[in-house]
Amino acid sequence: MTLSVNNISTLEPIRYCHNLAELYLRKNNISSLNELYYLKELPRLKILWLSENPCCGADPQKYRMTVLRNLPNLQKLDNQVVTEEELTQALTDGEELTGPQTKISNSDNSHDETSIDRNYGTRESENDLLNFSMEETNKIREQLGMKPLPRDKFSSFSSPTDGDGSRKKRNNILNAVLLLLKDLDTEGLEIVQRTAGQRLHQLKKKELQQET
């Protein structure tokens, strides 16, 4: 997935792309390494390019050790091969991210005090979860030049009240896909269109077989 130069500030929508193997995020607006927490749920991620983001800070060694401590399955980081020695060193020199609310600063060799998002714990109710998802979705729609969704229309398909959370998961994956489309050229969009058409045909065929 290539998302470089897209003014991205959060990696939360990508956490649901479980088959993702390569992720390119150069020159975005990711200000905190705590966003790496969302990538810890991607077991197949092997290549990450995160350089030229604010979170890289002024200490490249501290930054690299923190990334590798939290993503030890990486084979290449910022176009540099990851070695066994680095992974071992990262266990002592890197900072462990225990949650998205943990703030890790990389501006110097010191570790800033952990700061907690005061509003994070209040998002557990259905209404707050809906507001958060609506805000994130409309932010992406704005980046794509699309009109924001009003609350009434958004809640009709984005409500997180499904028992298994499948609808909320689907919408987060959709957000990631829409964000990716902005970075594709004509050839790439044609490939996506063709693949989506084939997939849609397969799903419709499956539905017809189930009905009969």
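Worth saying up front: this structure is predicted, and the values here are computed from it rather than measured.
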K.L.:
Any side-chain donor paired with an acceptor under 3.5 Å for Y63 and N53?
P.N.:
no
K.L.:
A side-chain contact here means heavy atoms from C-beta on lying under 4.5 Å apart; do S4 and K27 qualify?
P.N.:
no
K.L.:
Taking ILVMFWY side chains as joined if any heavy atoms are under 4.5 angstrom apart, and letting links pass through other members, which residues group with I47?
P.N.:
Y24, W49
K.L.:
Report, one line per pair, each donor and acceptor closer than 3.5 Å where one atom sits in a side chain of residues 192-200; sequence neighbours left out.
P.N.:
from	atom 1	to	atom 2	distance (Å)
T195	OG1	I191	O	2.8

K.L.:
Regarding R69 and E86, does a basic nitrogen lie under 4.0 Å from an acidic carboxylate oxygen?
P.N.:
no
K.L.:
Measure the shortest side-chain to side-chain distance between I8 and N29 over non-hydrogen atoms and say whether it is less than 4.5 angstrom.
P.N.:
no
K.L.:
Ignoring hydrogens and geometry, is there a side-chain-to-backbone donor-acceptor pair from E95 to T66 under 3.5 Å?
P.N.:
no
K.L.:
Are N28 and S9 packed together at the side-chain level, in the sense that at least one heavy-atom pair is separated by less than 4.5 angstrom?
P.N.:
no
K.L.:
For Q61, what residues pass the side chain to side chain donor-acceptor pair (under 3.5 Å) criterion, not counting sequence neighbours?
P.N.:
none
K.L.:
Judged by atom type as modelled, is there a donor-acceptor pair below 3.5 Å linking the side chain of K40 to the main-chain atoms of R15?
P.N.:
no
K.L.:
Report yes if some heavy atom in the side chain of M1 is under 4.5 Å from a heavy atom in the side chain of L3; otherwise report no.
P.N.:
yes
K.L.:
Can any side-chain N or O of R64 pair as donor or acceptor with the backbone N or O of L77 at less than 3.5 Å?
P.N.:
yes
K.L.:
For the residue pair L11 and Y37, establish whether any side-chain heavy-atom pair is separated by less than 4.5 Å.
P.N.:
no
K.L.:
Side chain to side chain contact (heavy atoms under 4.5 Å, CB included) with K46: which of N73, L23, L74?
P.N.:
N73
